Amino acid sequence: MSLSKGIVARNLALPRLRSLKLASLQPAISLLLIALLILVHKILPNVQPSGNTTNFVDLVYVLAGLYAAWWIASSFVGSLKARLEYATPIIIAVLVFLNAWELLTLKSNIFPAPYFPSISKIIGVLFSDWQLLGLSALYSLRLLILGFTCGAAVGIPTGIAMGWSQRFSYWMTPILRTVGPIPATAWIPIVLVAFPSSFWASVFLVALGTWFAMTIMSWSGVANVDNAYFEVGKTLGAGNWYLLSRIALPAALPIIFIGSFKALSVSFVALVVAEMLGVRAGLGWYIQWAYGWAQYQNVYAALIVMGLLFSGVISFVFYIRDRVLVWQKGLIKW
Amino acid sequence: MVEIAEAGRVSIRGVTKIFNPGTESELTALDRVSLEVEPGSFISLLGPSGCGKSTLLRLVAGLEQATSGSLTLDGEEIRGPNYLRGLVFQDPTLFPWKTISQNIATGLDARGILAGKKDKVDEYINLVGLKGFENVYPHQVSGGMAQRAALARALINHPKVLLMDEPLGALDAFTRMRMQTEILQIWESRGTTALFVTHDIDEAIFLSDRIAVMTPRPGKIKELIEVPLGRPRARNHPDFIRMRNKILQIFDFSEEHLLSYYI
(Lines give C-alpha, C1' and ligand atoms only; values in the text may rest on other atoms or scores of the structure.)
Protein backbone atom coordinates (compact mmCIF):
# COMPACT_ATOMS: atom_id res chain seq x y z
CA MET A 1 0.00 0.00 0.00
CA SER A 2 2.63 2.45 1.08
CA LEU A 3 4.85 1.29 -1.77
CA SER A 4 2.24 2.06 -4.42
CA LYS A 5 1.58 5.34 -2.72
CA GLY A 6 5.29 6.15 -2.98
CA ILE A 7 5.30 5.39 -6.71
CA VAL A 8 2.30 7.58 -7.28
CA ALA A 9 3.91 10.35 -5.30
CA ARG A 10 7.10 10.08 -7.33
CA ASN A 11 5.22 10.08 -10.58
CA LEU A 12 3.47 13.23 -9.48
CA ALA A 13 6.63 14.83 -8.20
CA LEU A 14 8.64 14.32 -11.39
CA PRO A 15 6.67 16.59 -13.68
CA ARG A 16 6.54 19.20 -10.96
CA LEU A 17 10.31 19.13 -10.68
CA ARG A 18 10.58 19.49 -14.43
CA SER A 19 8.21 22.41 -14.39
CA LEU A 20 10.69 24.18 -12.12
CA LYS A 21 13.16 23.83 -14.97
CA LEU A 22 16.24 21.94 -13.90
CA ALA A 23 18.42 24.22 -15.99
CA SER A 24 17.56 27.24 -13.88
CA LEU A 25 18.56 25.33 -10.73
CA GLN A 26 21.99 24.42 -12.04
CA PRO A 27 23.73 27.72 -11.24
CA ALA A 28 22.56 27.32 -7.62
CA ILE A 29 24.07 23.83 -7.57
CA SER A 30 27.35 25.27 -8.84
CA LEU A 31 27.44 27.86 -6.09
CA LEU A 32 26.61 25.21 -3.48
CA LEU A 33 29.52 23.09 -4.73
CA ILE A 34 31.81 26.11 -4.51
CA ALA A 35 30.69 26.72 -0.94
CA LEU A 36 31.32 23.07 -0.19
CA LEU A 37 34.84 23.33 -1.62
CA ILE A 38 35.62 26.26 0.66
CA LEU A 39 34.06 24.55 3.67
CA VAL A 40 36.06 21.38 3.04
CA HIS A 41 39.20 23.48 3.04
CA LYS A 42 38.39 25.50 6.15
CA ILE A 43 36.83 22.84 8.37
CA LEU A 44 38.29 19.41 7.62
CA PRO A 45 41.80 18.81 9.01
CA ASN A 46 44.63 18.33 6.51
CA VAL A 47 46.15 14.87 6.34
CA GLN A 48 48.72 15.65 3.61
CA PRO A 49 51.24 18.43 4.24
CA SER A 50 49.25 21.37 2.96
CA GLY A 51 51.67 24.10 1.98
CA ASN A 52 50.14 27.42 1.15
CA THR A 53 46.41 27.15 0.33
CA THR A 54 45.43 30.83 0.75
CA ASN A 55 46.03 31.53 -2.97
CA PHE A 56 43.70 28.72 -3.86
CA VAL A 57 40.91 29.82 -1.52
CA ASP A 58 41.28 33.43 -2.71
CA LEU A 59 41.06 32.23 -6.31
CA VAL A 60 37.92 30.25 -5.51
CA TYR A 61 36.36 33.36 -3.94
CA VAL A 62 37.15 35.43 -7.03
CA LEU A 63 35.79 32.80 -9.41
CA ALA A 64 32.69 32.31 -7.26
CA GLY A 65 32.11 36.06 -7.32
CA LEU A 66 32.50 36.20 -11.10
CA TYR A 67 30.16 33.26 -11.52
CA ALA A 68 27.53 34.79 -9.25
CA ALA A 69 27.79 38.07 -11.17
CA TRP A 70 27.35 36.17 -14.42
CA TRP A 71 24.28 34.44 -13.02
CA ILE A 72 22.69 37.72 -11.90
CA ALA A 73 23.54 39.45 -15.20
CA SER A 74 22.10 36.55 -17.17
CA SER A 75 18.58 37.38 -16.00
CA PHE A 76 18.93 40.70 -17.83
CA VAL A 77 20.98 39.74 -20.90
CA GLY A 78 19.65 36.87 -23.02
CA SER A 79 22.96 35.92 -24.67
CA LEU A 80 24.68 35.64 -21.26
CA LYS A 81 21.90 33.37 -20.06
CA ALA A 82 22.28 31.01 -23.02
CA ARG A 83 26.03 30.80 -22.42
CA LEU A 84 25.54 30.26 -18.71
CA GLU A 85 23.15 27.39 -19.34
CA TYR A 86 25.59 25.92 -21.83
CA ALA A 87 28.65 26.17 -19.56
CA THR A 88 27.09 25.27 -16.21
CA PRO A 89 26.95 21.45 -16.57
CA ILE A 90 30.68 21.39 -17.31
CA ILE A 91 31.38 23.76 -14.43
CA ILE A 92 29.41 21.46 -12.11
CA ALA A 93 31.41 18.47 -13.31
CA VAL A 94 34.69 20.32 -12.67
CA LEU A 95 33.53 21.34 -9.18
CA VAL A 96 32.55 17.77 -8.32
CA PHE A 97 36.00 16.67 -9.47
CA LEU A 98 37.74 19.37 -7.42
CA ASN A 99 35.79 18.46 -4.26
CA ALA A 100 36.51 14.77 -4.75
CA TRP A 101 40.19 15.39 -5.51
CA GLU A 102 40.72 17.56 -2.45
CA LEU A 103 38.99 14.96 -0.26
CA LEU A 104 41.01 12.10 -1.72
CA THR A 105 44.36 13.89 -1.43
CA LEU A 106 44.75 16.71 1.06
CA LYS A 107 42.02 15.62 3.46
CA SER A 108 42.51 11.85 3.55
CA ASN A 109 45.73 10.91 1.70
CA ILE A 110 43.87 8.04 -0.02
CA PHE A 111 45.80 9.21 -3.07
CA PRO A 112 49.15 9.42 -1.32
CA ALA A 113 51.51 12.37 -1.11
CA PRO A 114 53.78 13.39 -2.71
CA TYR A 115 52.65 11.83 -5.99
CA PHE A 116 49.12 13.21 -5.76
CA PRO A 117 49.25 16.75 -4.44
CA SER A 118 46.04 18.64 -3.81
CA ILE A 119 44.77 21.13 -6.36
CA SER A 120 45.26 23.85 -3.77
CA LYS A 121 48.93 22.99 -3.60
CA ILE A 122 49.29 22.99 -7.39
CA ILE A 123 47.54 26.35 -7.61
CA GLY A 124 49.90 27.55 -4.89
CA VAL A 125 52.86 26.63 -7.12
CA LEU A 126 51.31 28.45 -10.09
CA PHE A 127 51.18 31.57 -7.91
CA SER A 128 54.55 31.26 -6.19
CA ASP A 129 56.60 30.04 -9.15
CA TRP A 130 54.88 31.86 -11.99
CA GLN A 131 58.06 33.62 -13.11
CA LEU A 132 60.02 30.46 -13.76
CA LEU A 133 56.97 28.71 -15.23
CA GLY A 134 56.27 31.66 -17.52
CA LEU A 135 59.90 31.85 -18.62
CA SER A 136 59.91 28.10 -19.29
CA ALA A 137 56.73 28.44 -21.35
CA LEU A 138 58.34 31.22 -23.40
CA TYR A 139 61.44 29.09 -24.00
CA SER A 140 59.26 26.20 -25.13
CA LEU A 141 57.26 28.47 -27.39
CA ARG A 142 60.40 29.87 -28.99
CA LEU A 143 61.73 26.37 -29.66
CA LEU A 144 58.37 25.28 -31.05
CA ILE A 145 57.99 28.27 -33.37
CA LEU A 146 61.55 27.99 -34.70
CA GLY A 147 61.41 24.23 -35.17
CA PHE A 148 57.93 24.12 -36.63
CA THR A 149 58.59 26.99 -39.03
CA CYS A 150 61.83 25.45 -40.27
CA GLY A 151 60.21 22.03 -40.66
CA ALA A 152 57.20 23.42 -42.51
CA ALA A 153 59.35 25.70 -44.66
CA VAL A 154 61.25 22.66 -45.92
CA GLY A 155 58.44 20.08 -45.69
CA ILE A 156 55.74 21.87 -47.67
CA PRO A 157 57.92 22.62 -50.73
CA THR A 158 59.38 19.09 -50.57
CA GLY A 159 55.89 17.58 -50.56
CA ILE A 160 54.57 19.83 -53.30
CA ALA A 161 57.58 19.09 -55.48
CA MET A 162 57.03 15.35 -54.94
CA GLY A 163 53.38 15.67 -55.94
CA TRP A 164 54.30 17.75 -58.94
CA SER A 165 57.37 16.06 -60.39
CA GLN A 166 57.67 12.33 -61.01
CA ARG A 167 61.45 12.56 -61.11
CA PHE A 168 61.70 14.42 -57.81
CA SER A 169 59.34 11.92 -56.26
CA TYR A 170 61.52 9.07 -57.60
CA TRP A 171 64.61 10.38 -55.80
CA MET A 172 62.82 11.59 -52.71
CA THR A 173 60.61 8.60 -51.92
CA PRO A 174 63.43 6.33 -50.63
CA ILE A 175 64.66 9.06 -48.28
CA LEU A 176 61.16 9.76 -47.06
CA ARG A 177 60.45 6.05 -46.56
CA THR A 178 63.58 5.32 -44.56
CA VAL A 179 64.19 8.53 -42.64
CA GLY A 180 60.61 9.66 -42.20
CA PRO A 181 59.22 6.95 -39.92
CA ILE A 182 62.11 7.18 -37.43
CA PRO A 183 60.81 9.18 -34.46
CA ALA A 184 62.67 12.47 -34.30
CA THR A 185 63.61 11.78 -30.69
CA ALA A 186 65.57 8.67 -31.67
CA TRP A 187 68.14 10.97 -33.32
CA ILE A 188 68.99 12.66 -30.05
CA PRO A 189 72.40 11.01 -29.42
CA ILE A 190 73.62 11.93 -32.90
CA VAL A 191 71.99 15.33 -33.10
CA LEU A 192 73.36 16.47 -29.75
CA VAL A 193 76.88 15.77 -30.99
CA ALA A 194 76.39 17.04 -34.53
CA PHE A 195 75.09 20.48 -33.60
CA PRO A 196 77.18 23.24 -32.03
CA SER A 197 74.59 23.90 -29.30
CA SER A 198 71.89 21.83 -27.69
CA PHE A 199 69.42 24.59 -28.57
CA TRP A 200 69.93 24.24 -32.31
CA ALA A 201 69.96 20.49 -31.90
CA SER A 202 66.48 20.74 -30.36
CA VAL A 203 65.28 23.07 -33.12
CA PHE A 204 66.46 20.46 -35.59
CA LEU A 205 64.58 17.66 -33.79
CA VAL A 206 61.32 19.58 -33.75
CA ALA A 207 61.86 20.56 -37.39
CA LEU A 208 62.58 16.95 -38.39
CA GLY A 209 59.31 15.67 -36.96
CA THR A 210 57.40 18.53 -38.55
CA TRP A 211 59.12 18.03 -41.88
CA PHE A 212 57.98 14.42 -42.26
CA ALA A 213 54.30 15.07 -41.50
CA MET A 214 54.22 18.18 -43.67
CA THR A 215 55.97 16.48 -46.59
CA ILE A 216 53.67 13.46 -46.58
CA MET A 217 50.50 15.52 -46.42
CA SER A 218 51.61 18.15 -48.95
CA TRP A 219 52.65 15.38 -51.30
CA SER A 220 49.33 13.58 -51.11
CA GLY A 221 47.51 16.90 -51.21
CA VAL A 222 49.05 17.85 -54.54
CA ALA A 223 48.98 14.33 -55.96
CA ASN A 224 45.23 14.11 -55.30
CA VAL A 225 44.23 17.37 -56.97
CA ASP A 226 41.47 16.66 -59.47
CA ASN A 227 43.05 16.54 -62.91
CA ALA A 228 40.08 18.44 -64.34
CA TYR A 229 41.31 21.59 -62.55
CA PHE A 230 44.59 21.38 -64.43
CA GLU A 231 42.80 20.72 -67.72
CA VAL A 232 40.57 23.75 -67.23
CA GLY A 233 43.63 25.79 -66.27
CA LYS A 234 45.47 24.76 -69.43
CA THR A 235 42.55 25.61 -71.71
CA LEU A 236 42.40 29.02 -70.00
CA GLY A 237 46.01 29.71 -70.94
CA ALA A 238 47.73 28.82 -67.66
CA GLY A 239 51.44 28.01 -67.73
CA ASN A 240 53.20 25.56 -65.42
CA TRP A 241 53.95 28.11 -62.73
CA TYR A 242 50.32 29.21 -62.61
CA LEU A 243 49.12 25.59 -62.50
CA LEU A 244 51.48 24.90 -59.60
CA SER A 245 51.09 28.03 -57.50
CA ARG A 246 47.51 29.03 -58.21
CA ILE A 247 45.83 25.69 -58.76
CA ALA A 248 47.81 22.83 -57.19
CA LEU A 249 48.75 24.71 -54.04
CA PRO A 250 45.33 26.11 -53.08
CA ALA A 251 43.65 22.83 -54.01
CA ALA A 252 46.06 20.98 -51.70
CA LEU A 253 45.77 23.46 -48.81
CA PRO A 254 43.03 21.63 -46.87
CA ILE A 255 45.19 18.50 -46.72
CA ILE A 256 48.31 20.55 -45.98
CA PHE A 257 46.51 21.98 -42.95
CA ILE A 258 45.59 18.49 -41.77
CA GLY A 259 49.31 17.77 -42.10
CA SER A 260 50.11 20.78 -39.95
CA PHE A 261 47.95 19.44 -37.11
CA LYS A 262 49.70 16.09 -37.35
CA ALA A 263 53.03 17.91 -37.45
CA LEU A 264 52.15 19.93 -34.37
CA SER A 265 51.44 16.90 -32.23
CA VAL A 266 54.69 15.28 -33.39
CA SER A 267 56.63 18.45 -32.66
CA PHE A 268 55.16 18.68 -29.14
CA VAL A 269 56.61 15.27 -28.39
CA ALA A 270 59.97 16.14 -29.92
CA LEU A 271 60.01 19.41 -28.03
CA VAL A 272 59.37 17.93 -24.59
CA VAL A 273 61.85 15.11 -25.03
CA ALA A 274 64.48 17.47 -26.40
CA GLU A 275 64.03 19.77 -23.43
CA MET A 276 64.20 16.90 -20.98
CA LEU A 277 67.41 15.52 -22.45
CA GLY A 278 69.24 18.41 -24.04
CA VAL A 279 68.30 22.03 -23.52
CA ARG A 280 68.34 23.29 -19.98
CA ALA A 281 65.22 25.44 -20.38
CA GLY A 282 61.57 25.12 -21.21
CA LEU A 283 58.63 23.29 -19.70
CA GLY A 284 60.09 19.88 -20.47
CA TRP A 285 63.20 20.82 -18.53
CA TYR A 286 61.05 22.25 -15.69
CA ILE A 287 59.16 18.97 -15.33
CA GLN A 288 62.38 16.99 -15.34
CA TRP A 289 63.93 19.29 -12.76
CA ALA A 290 60.87 19.25 -10.47
CA TYR A 291 60.74 15.48 -10.76
CA GLY A 292 64.38 15.29 -9.70
CA TRP A 293 63.46 17.08 -6.46
CA ALA A 294 60.25 15.02 -6.09
CA GLN A 295 58.29 18.28 -6.26
CA TYR A 296 55.23 16.70 -7.83
CA GLN A 297 53.04 19.75 -7.34
CA ASN A 298 55.48 21.61 -9.63
CA VAL A 299 55.24 18.82 -12.18
CA TYR A 300 51.47 19.15 -12.21
CA ALA A 301 51.67 22.92 -12.42
CA ALA A 302 53.99 22.65 -15.43
CA LEU A 303 51.62 20.14 -17.04
CA ILE A 304 48.75 22.62 -16.66
CA VAL A 305 50.83 25.40 -18.23
CA MET A 306 51.90 23.03 -21.02
CA GLY A 307 48.30 22.04 -21.69
CA LEU A 308 47.23 25.67 -21.94
CA LEU A 309 50.21 26.58 -24.14
CA PHE A 310 49.84 23.72 -26.62
CA SER A 311 46.09 24.07 -26.77
CA GLY A 312 46.59 27.75 -27.48
CA VAL A 313 49.01 26.94 -30.29
CA ILE A 314 46.55 24.48 -31.85
CA SER A 315 43.75 27.04 -31.55
CA PHE A 316 45.95 29.58 -33.29
CA VAL A 317 46.62 27.24 -36.22
CA PHE A 318 42.88 26.47 -36.43
CA TYR A 319 42.22 30.19 -36.49
CA ILE A 320 44.68 30.66 -39.35
CA ARG A 321 43.15 27.76 -41.23
CA ASP A 322 39.62 29.11 -40.85
CA ARG A 323 40.76 32.43 -42.31
CA VAL A 324 42.66 30.83 -45.18
CA LEU A 325 40.04 28.21 -46.05
CA VAL A 326 36.92 30.37 -45.83
CA TRP A 327 35.92 28.94 -49.17
CA GLN A 328 35.68 25.41 -47.84
CA LYS A 329 32.34 23.92 -46.96
CA GLY A 330 31.81 22.21 -43.60
CA LEU A 331 35.06 22.98 -41.75
CA ILE A 332 35.71 21.05 -38.53
CA LYS A 333 35.59 23.36 -35.56
CA TRP A 334 38.13 23.11 -32.73
CA MET B 1 28.98 45.89 -75.33
CA VAL B 2 31.08 42.74 -75.53
CA GLU B 3 33.67 42.78 -78.27
CA ILE B 4 33.11 40.18 -80.94
CA ALA B 5 35.62 37.36 -81.10
CA GLU B 6 37.09 36.21 -84.34
CA ALA B 7 35.46 32.89 -85.12
CA GLY B 8 37.72 29.97 -86.01
CA ARG B 9 37.52 27.19 -88.55
CA VAL B 10 38.17 23.74 -87.17
CA SER B 11 39.25 21.05 -89.60
CA ILE B 12 39.30 17.45 -88.48
CA ARG B 13 40.78 15.14 -91.11
CA GLY B 14 40.97 11.38 -90.85
CA VAL B 15 41.49 11.40 -87.12
CA THR B 16 41.99 8.08 -85.37
CA LYS B 17 42.45 7.79 -81.63
CA ILE B 18 43.55 4.50 -80.11
CA PHE B 19 43.93 4.29 -76.32
CA ASN B 20 46.61 1.97 -74.89
CA PRO B 21 47.80 0.77 -78.31
CA GLY B 22 49.45 -2.65 -78.37
CA THR B 23 48.08 -3.72 -74.99
CA GLU B 24 45.17 -5.92 -73.94
CA SER B 25 43.09 -2.89 -73.11
CA GLU B 26 43.59 -1.39 -76.57
CA LEU B 27 40.55 0.67 -77.53
CA THR B 28 39.79 2.42 -80.78
CA ALA B 29 37.85 5.47 -79.59
CA LEU B 30 37.74 7.19 -82.97
CA ASP B 31 38.16 5.67 -86.41
CA ARG B 32 39.10 7.99 -89.29
CA VAL B 33 36.80 10.82 -88.33
CA SER B 34 36.59 13.88 -90.53
CA LEU B 35 34.60 17.03 -89.85
CA GLU B 36 34.77 20.57 -91.14
CA VAL B 37 33.46 23.17 -88.70
CA GLU B 38 32.67 26.48 -90.44
CA PRO B 39 33.64 29.68 -88.64
CA GLY B 40 30.82 30.91 -86.42
CA SER B 41 28.70 27.78 -86.77
CA PHE B 42 27.16 25.71 -84.00
CA ILE B 43 27.82 22.00 -84.37
CA SER B 44 26.69 19.25 -82.03
CA LEU B 45 28.35 15.89 -81.64
CA LEU B 46 25.45 13.59 -80.82
CA GLY B 47 25.61 9.96 -79.83
CA PRO B 48 25.35 7.37 -77.07
CA SER B 49 28.12 6.96 -74.53
CA GLY B 50 31.21 5.30 -75.93
CA CYS B 51 30.86 6.82 -79.41
CA GLY B 52 33.98 8.94 -78.91
CA LYS B 53 32.25 12.33 -78.95
CA SER B 54 33.99 13.53 -75.79
CA THR B 55 37.29 12.16 -77.04
CA LEU B 56 36.88 14.13 -80.25
CA LEU B 57 36.21 17.28 -78.22
CA ARG B 58 39.27 16.66 -76.04
CA LEU B 59 41.37 16.24 -79.17
CA VAL B 60 40.19 19.63 -80.42
CA ALA B 61 40.89 21.09 -76.97
CA GLY B 62 44.41 19.69 -77.20
CA LEU B 63 44.04 17.63 -74.01
CA GLU B 64 44.63 14.40 -75.99
CA GLN B 65 46.84 13.70 -78.99
CA ALA B 66 45.46 11.95 -82.08
CA THR B 67 47.02 8.62 -83.01
CA SER B 68 46.81 9.60 -86.66
CA GLY B 69 45.15 12.23 -88.83
CA SER B 70 45.22 15.99 -88.44
CA LEU B 71 43.37 18.63 -86.47
CA THR B 72 43.75 22.29 -87.30
CA LEU B 73 42.33 25.61 -86.16
CA ASP B 74 42.44 28.19 -88.96
CA GLY B 75 45.05 26.08 -90.68
CA GLU B 76 47.32 25.79 -87.64
CA GLU B 77 47.89 22.35 -86.23
CA ILE B 78 46.48 21.75 -82.74
CA ARG B 79 49.36 20.60 -80.52
CA GLY B 80 48.15 21.27 -77.00
CA PRO B 81 45.63 23.23 -74.93
CA ASN B 82 45.31 26.91 -75.73
CA TYR B 83 43.06 29.70 -74.50
CA LEU B 84 41.78 30.19 -78.08
CA ARG B 85 39.90 26.92 -77.62
CA GLY B 86 37.81 27.42 -74.47
CA LEU B 87 36.35 24.39 -72.75
CA VAL B 88 33.30 23.81 -70.55
CA PHE B 89 32.82 20.40 -68.90
CA GLN B 90 29.67 18.70 -67.66
CA ASP B 91 30.93 19.41 -64.16
CA PRO B 92 31.43 23.18 -63.85
CA THR B 93 34.89 22.50 -62.25
CA LEU B 94 34.94 25.98 -60.81
CA PHE B 95 37.94 26.46 -58.54
CA PRO B 96 36.36 26.17 -55.08
CA TRP B 97 38.92 28.51 -53.48
CA LYS B 98 38.05 31.35 -55.84
CA THR B 99 34.94 33.51 -55.74
CA ILE B 100 32.65 33.53 -58.77
CA SER B 101 34.26 36.69 -60.11
CA GLN B 102 37.79 35.37 -59.47
CA ASN B 103 36.83 32.18 -61.29
CA ILE B 104 35.58 34.13 -64.28
CA ALA B 105 38.74 36.23 -64.25
CA THR B 106 41.02 33.16 -64.20
CA GLY B 107 41.74 33.24 -67.94
CA LEU B 108 43.01 36.81 -67.78
CA ASP B 109 44.90 36.12 -64.55
CA ALA B 110 46.58 33.01 -65.97
CA ARG B 111 47.73 34.96 -69.02
CA GLY B 112 49.02 37.77 -66.82
CA ILE B 113 46.72 40.43 -68.31
CA LEU B 114 44.22 40.84 -65.47
CA ALA B 115 45.52 44.18 -64.21
CA GLY B 116 43.05 46.97 -64.95
CA LYS B 117 40.47 44.63 -66.49
CA LYS B 118 37.85 44.79 -63.73
CA ASP B 119 35.32 46.27 -66.16
CA LYS B 120 35.83 43.37 -68.49
CA VAL B 121 35.27 40.84 -65.71
CA ASP B 122 32.09 42.69 -64.73
CA GLU B 123 30.97 42.58 -68.36
CA TYR B 124 31.21 38.81 -68.40
CA ILE B 125 29.51 38.50 -65.02
CA ASN B 126 26.62 40.47 -66.49
CA LEU B 127 26.70 38.48 -69.72
CA VAL B 128 25.84 35.29 -67.86
CA GLY B 129 23.48 37.02 -65.42
CA LEU B 130 25.54 36.55 -62.26
CA LYS B 131 25.48 40.14 -61.06
CA GLY B 132 25.19 40.12 -57.26
CA PHE B 133 27.02 36.79 -56.96
CA GLU B 134 30.53 38.09 -57.69
CA ASN B 135 31.86 37.51 -54.20
CA VAL B 136 30.29 34.18 -53.26
CA TYR B 137 32.10 30.87 -53.44
CA PRO B 138 31.13 28.11 -55.86
CA HIS B 139 29.63 25.85 -53.19
CA GLN B 140 27.12 28.58 -52.42
CA VAL B 141 25.55 28.75 -55.89
CA SER B 142 23.20 26.41 -57.77
CA GLY B 143 24.33 24.03 -60.51
CA GLY B 144 22.92 26.26 -63.23
CA MET B 145 24.69 29.33 -61.89
CA ALA B 146 27.95 27.43 -61.53
CA GLN B 147 27.69 26.32 -65.16
CA ARG B 148 27.05 29.91 -66.27
CA ALA B 149 30.16 31.00 -64.40
CA ALA B 150 32.11 28.23 -66.16
CA LEU B 151 30.78 29.51 -69.49
CA ALA B 152 31.83 33.09 -68.72
CA ARG B 153 35.24 31.84 -67.56
CA ALA B 154 35.79 30.13 -70.93
CA LEU B 155 34.47 33.11 -72.93
CA ILE B 156 36.52 35.86 -71.26
CA ASN B 157 39.58 34.84 -73.31
CA HIS B 158 37.71 35.48 -76.61
CA PRO B 159 38.17 31.91 -77.78
CA LYS B 160 37.87 31.28 -81.49
CA VAL B 161 36.10 28.03 -80.63
CA LEU B 162 33.99 27.25 -77.61
CA LEU B 163 34.05 23.55 -76.75
CA MET B 164 31.25 22.24 -74.53
CA ASP B 165 31.19 18.68 -73.19
CA GLU B 166 27.60 17.96 -72.11
CA PRO B 167 27.58 21.23 -70.18
CA LEU B 168 23.93 20.89 -69.23
CA GLY B 169 24.02 17.15 -68.48
CA ALA B 170 23.86 17.55 -64.71
CA LEU B 171 21.03 20.09 -64.62
CA ASP B 172 17.34 19.47 -64.07
CA ALA B 173 15.08 19.54 -67.15
CA PHE B 174 13.73 23.05 -66.60
CA THR B 175 17.05 24.72 -65.85
CA ARG B 176 18.42 22.84 -68.80
CA MET B 177 15.92 24.26 -71.29
CA ARG B 178 16.44 27.77 -69.96
CA MET B 179 20.20 27.36 -70.22
CA GLN B 180 19.91 26.14 -73.83
CA THR B 181 18.24 29.42 -74.73
CA GLU B 182 20.91 31.37 -72.87
CA ILE B 183 23.74 29.48 -74.55
CA LEU B 184 22.24 30.31 -77.93
CA GLN B 185 21.93 33.99 -77.04
CA ILE B 186 25.52 34.14 -75.84
CA TRP B 187 26.79 32.26 -78.88
CA GLU B 188 24.88 34.59 -81.22
CA SER B 189 26.13 37.71 -79.47
CA ARG B 190 29.73 36.48 -79.32
CA GLY B 191 29.93 35.10 -82.84
CA THR B 192 32.27 32.30 -81.80
CA THR B 193 32.40 28.83 -83.31
CA ALA B 194 30.69 26.30 -81.03
CA LEU B 195 31.30 22.58 -80.75
CA PHE B 196 28.80 20.96 -78.42
CA VAL B 197 28.78 17.37 -77.15
CA THR B 198 25.45 15.91 -76.08
CA HIS B 199 23.45 12.68 -75.98
CA ASP B 200 20.15 14.55 -75.93
CA ILE B 201 18.54 14.60 -79.37
CA ASP B 202 16.17 17.50 -78.63
CA GLU B 203 19.02 19.57 -77.25
CA ALA B 204 21.08 18.98 -80.38
CA ILE B 205 18.18 19.96 -82.66
CA PHE B 206 17.33 23.00 -80.57
CA LEU B 207 20.87 24.37 -80.63
CA SER B 208 22.73 23.32 -83.74
CA ASP B 209 23.30 24.40 -87.31
CA ARG B 210 24.52 20.89 -88.02
CA ILE B 211 24.51 17.67 -86.03
CA ALA B 212 27.25 15.08 -86.34
CA VAL B 213 25.53 11.82 -85.42
CA MET B 214 28.11 9.44 -83.98
CA THR B 215 27.98 5.69 -83.40
CA PRO B 216 30.19 3.59 -81.14
CA ARG B 217 32.64 0.69 -81.50
CA PRO B 218 34.60 2.18 -83.10
CA GLY B 219 33.59 5.83 -82.80
CA LYS B 220 32.57 7.22 -86.18
CA ILE B 221 30.51 10.05 -87.58
CA LYS B 222 27.66 8.12 -89.14
CA GLU B 223 25.84 11.06 -90.61
CA LEU B 224 26.10 14.84 -90.74
CA ILE B 225 22.66 16.44 -90.59
CA GLU B 226 21.76 20.02 -91.47
CA VAL B 227 19.14 21.56 -89.21
CA PRO B 228 17.26 23.85 -91.61
CA LEU B 229 15.12 25.48 -88.93
CA GLY B 230 15.03 29.18 -88.08
CA ARG B 231 15.75 30.31 -84.53
CA PRO B 232 14.23 30.47 -81.99
CA ARG B 233 13.04 26.93 -82.41
CA ALA B 234 9.82 25.56 -80.95
CA ARG B 235 10.30 22.11 -79.50
CA ASN B 236 6.76 21.07 -80.46
CA HIS B 237 6.87 22.31 -84.06
CA PRO B 238 6.14 19.55 -86.63
CA ASP B 239 9.47 20.23 -88.38
CA PHE B 240 11.27 19.83 -85.06
CA ILE B 241 9.51 16.52 -84.46
CA ARG B 242 10.29 15.39 -87.99
CA MET B 243 13.99 16.11 -87.30
CA ARG B 244 13.81 14.08 -84.14
CA ASN B 245 12.26 11.10 -85.90
CA LYS B 246 14.90 11.25 -88.59
CA ILE B 247 17.66 11.07 -85.98
CA LEU B 248 15.89 8.32 -84.07
CA GLN B 249 15.84 6.29 -87.26
CA ILE B 250 19.59 6.70 -87.67
CA PHE B 251 19.98 5.19 -84.19
CA ASP B 252 17.54 2.38 -85.17
CA PHE B 253 14.85 3.56 -82.77
CA SER B 254 12.37 3.61 -85.68
CA GLU B 255 8.62 3.87 -85.25
CA GLU B 256 8.10 0.11 -85.61
CA HIS B 257 10.25 -0.53 -82.58
CA LEU B 258 8.48 2.15 -80.62
CA LEU B 259 4.98 0.92 -81.49
CA SER B 260 5.16 -1.90 -79.00
CA TYR B 261 5.38 0.67 -76.21
CA TYR B 262 2.24 2.53 -77.24
CA ILE B 263 -0.96 2.56 -75.10
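Keep in mind that this is a model prediction, so the values were computed, not measured. By convention in this document, chain letters (A, B, ...) are assigned in the order of the sequence lines, proteins followed by strands, and residues within each chain are numbered from 1.
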Counterpart residues, side-chain contact (heavy atoms from CB on, under 4.5 Å), relative to A/Leu249 (two or more places apart):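 With neighbours one apart ignored, the set is A/Ile160, A/Ile256.
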By side-chain contact (heavy atoms from CB on, under 4.5 Å) - contacts of A/Arg177 (at least two apart):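 Applying side-chain contact (heavy atoms from CB on, under 4.5 Å) to A/Arg177 gives A/Thr173.
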Note, B/Asp109 side chain near A/Tyr242 side chain (heavy atom, < 4.5 Å):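 Yes. Closest side-chain heavy atoms under 4.5 Å.
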Any side-chain heavy-atom pair of A/Leu253 and B/Trp97 under 4.5 Å: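 With C-beta onward as the side chain, the pair stays apart.
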Does a sphere of radius 6.0 Å around [atom1] in [X] hold more than 12 heavy atoms from other residues, nucleotides or ligands, not counting ones at 6.0 Å or beyond?
{"X": "B/Lys118", "atom1": "NZ", "value": "no"}
{"X": "A/Tyr319", "atom1": "OH", "value": "no"}
{"X": "A/Arg246", "atom1": "CZ", "value": "no"}
{"X": "A/Ile90", "atom1": "CD1", "value": "no"}
{"X": "B/Glu76", "atom1": "CD", "value": "no"}
{"X": "A/Gln166", "atom1": "CD", "value": "no"}
{"X": "B/Phe95", "atom1": "CZ", "value": "yes"}

Structural part of [X] lying under 4.5 Å from a heavy atom of chain A:
{"X": "B/Leu63", "result": "side chain"}
{"X": "B/Tyr83", "result": "both"}
{"X": "B/Leu108", "result": "neither"}
{"X": "B/Asn82", "result": "backbone"}
{"X": "B/Arg58", "result": "side chain"}

Side chain to side chain donor-acceptor pair (under 3.5 Å): pairs with one or both residues in residues 142-155 of chain A, sequence neighbours excluded: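 The answer is none; no pair qualifies.
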Top contributor to chain A contacts, counting heavy-atom pairs under 4.5 Å, from B/Pro81, B/Gly86, B/Gly80, B/Ala154: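 Most pairs with chain A among the choices: B/Pro81.
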Contacts with chain B made by residues 225-240 of chain A (heavy-atom distance under 4.5 Å), listed by residue number: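 Listed by number: A/Ala228, A/Tyr229, A/Glu231, A/Val232, A/Gly233, A/Lys234, A/Thr235, A/Leu236, A/Gly237, A/Ala238.
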A/Ile247, part contacting chain B, at a heavy-atom distance under 4.5 Å: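 Its backbone and side chain both get close to chain B.
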